[in-house]
Amino acid sequence: MAGTALRGRLTWQTATVKSVADETDRVRTISLSVPDWAGHRAGQHLDVRLTAEDGYRAERSYSIASAPGEPVAITVERLDDGEVSPYLTQDVQPGDEIEIRGPIGGYFVWDGGAVPLLLLAGGSGVVPLRAMLRHRARAGSSVPVRLLYSVRSLPDVIYRSELSAEPDGVQVIYTLTRQQPPGWTGYARRVDAAMIGEIAWPVAQAPLAYICGPTNFVEAVAADLVALGYPPQRVKTERFGATG
Ligand SMILES: Cc1cc2nc3c(=O)[nH]c(=O)nc-3n(C[C@H](O)[C@H](O)[C@H](O)COP(=O)(O)OP(=O)(O)OC[C@H]3O[C@@H](n4cnc5c(N)ncnc54)[C@H](O)[C@@H]3O)c2cc1C
């Protein structure tokens, strides 16, 4: 059984696009139908492989946006000069087939638990954290959660209506780094040590932190949390690459 599950994760398989939904003007969620899916945990990712007509192949990783038990979905942000993300955000249509393999990763996962969660997202780094929030809701967990979400402007907020629902025990704090709407009273700068100091759960509560986003964001925020006294093994990180 374990062998079958492992083979399923490491083998490329064909997924069919079930639906696409625009989250912002640069970001799209793609729901997939995957015939041989072993199930996933909140925080894992999958690999997508695209093959051009001349045989050229490109592979990229994408966090799984859906909770365990929900259909597999990914949320992709378009980089205009990118190879893969423009195709996934502009061209892919329901009924199309794409190659995937997964789920992948066992470190940046949240299976549930009783300690407060501190989630820190930079841009599309919110994707696996959203899977954790959905998992919490589906499991009926009341564990307290704070999500600090750094994003350029309000229209760039991914999952905006879902996050604004703020279920009991979940607090979403935005920092809008480039543009703020009139009357904005929230944070309006890149995440820094002072901001982390204001929003982080006290170390005495033994919180767990998950940080995801561009590499420079993740490294700066992780360093700030460790400086605040968070033990490094309680600060889990996922780097999407490049800079923010
Ligand atoms: C574990 C993991 C999970 C990921 N999950 C997601 C996800 O849920 N959603 C998502 O949109 N992306 C995610 N990514 C990033 C994704 O794998 C690709 O790197 C991204 O889509 C760009 O691919 P591309 O082919 O379009 O651009 P490329 O052709 O690879 O790069 C084009 C240009 O953009 C720069 N660049 C590459 N990656 C980034 C980046 N992340 N931010 C800013 N500039 C960049 C490159 O330096 C280059 O200049 C994840 C990456 C990892 C490692």
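Order of appearance sets the numbers: ligands from 1, and atoms from 1 within every ligand.
Less than 4.0 angstrom separates some heavy atom of Val84 from each of these atoms of ligand 1: 24 (P), 25 (O), 26 (O). Atom numbering of ligand 1 starts at 1 in the shown order; those under 4.0 Å from a heavy atom of Leu79 are 22 (C), 34 (O), 36 (N), 37 (C), 38 (N), 39 (C), 40 (C), 44 (N), 45 (C).
Ligand 1 has Arg239 within reach: a non-hydrogen atom of the residue lies less than 4.0 Å from it. Heavy-atom separations between Gly241 and ligand 1 include at least one value shorter than 4.0 Å.
Any N or O atom pair closer than 3.5 Å counts here, and Ser63 shares at least one such pair with ligand 1. Of the polar atoms of Glu238, none of the N or O atoms is found under 3.5 Å from an N or O of ligand 1, judged by distance alone.
Around atom 26 (O) of ligand 1, the closest heavy atom drawn from Cys212, Ser85, Pro86, Pro128 belongs to Ser85. The option with the heavy atom closest to atom 30 (O) of ligand 1, from among Arg60, Glu59, Gln44, is Arg60. Looking at Val76, Thr75, Ile74 and measuring to atom 9 (N) of ligand 1, the nearest heavy atom belongs to Thr75.
Residues Val126 and Val145 share a single hydrophobic cluster, defined by chaining ILVMFWY side chains whose heavy atoms lie under 4.5 Å apart.
Between Phe108 and Tyr210, the ring-plane angle classifies as perpendicular under the 30° and 60° cut-offs.
Using a 4.5 Å heavy-atom cutoff, the side chains of Thr175 and Met195 are in contact.
Contact annotation: for Glu77 versus ligand 1, heavy atoms closer than 4.0 Å belong to both the backbone and the side chain.
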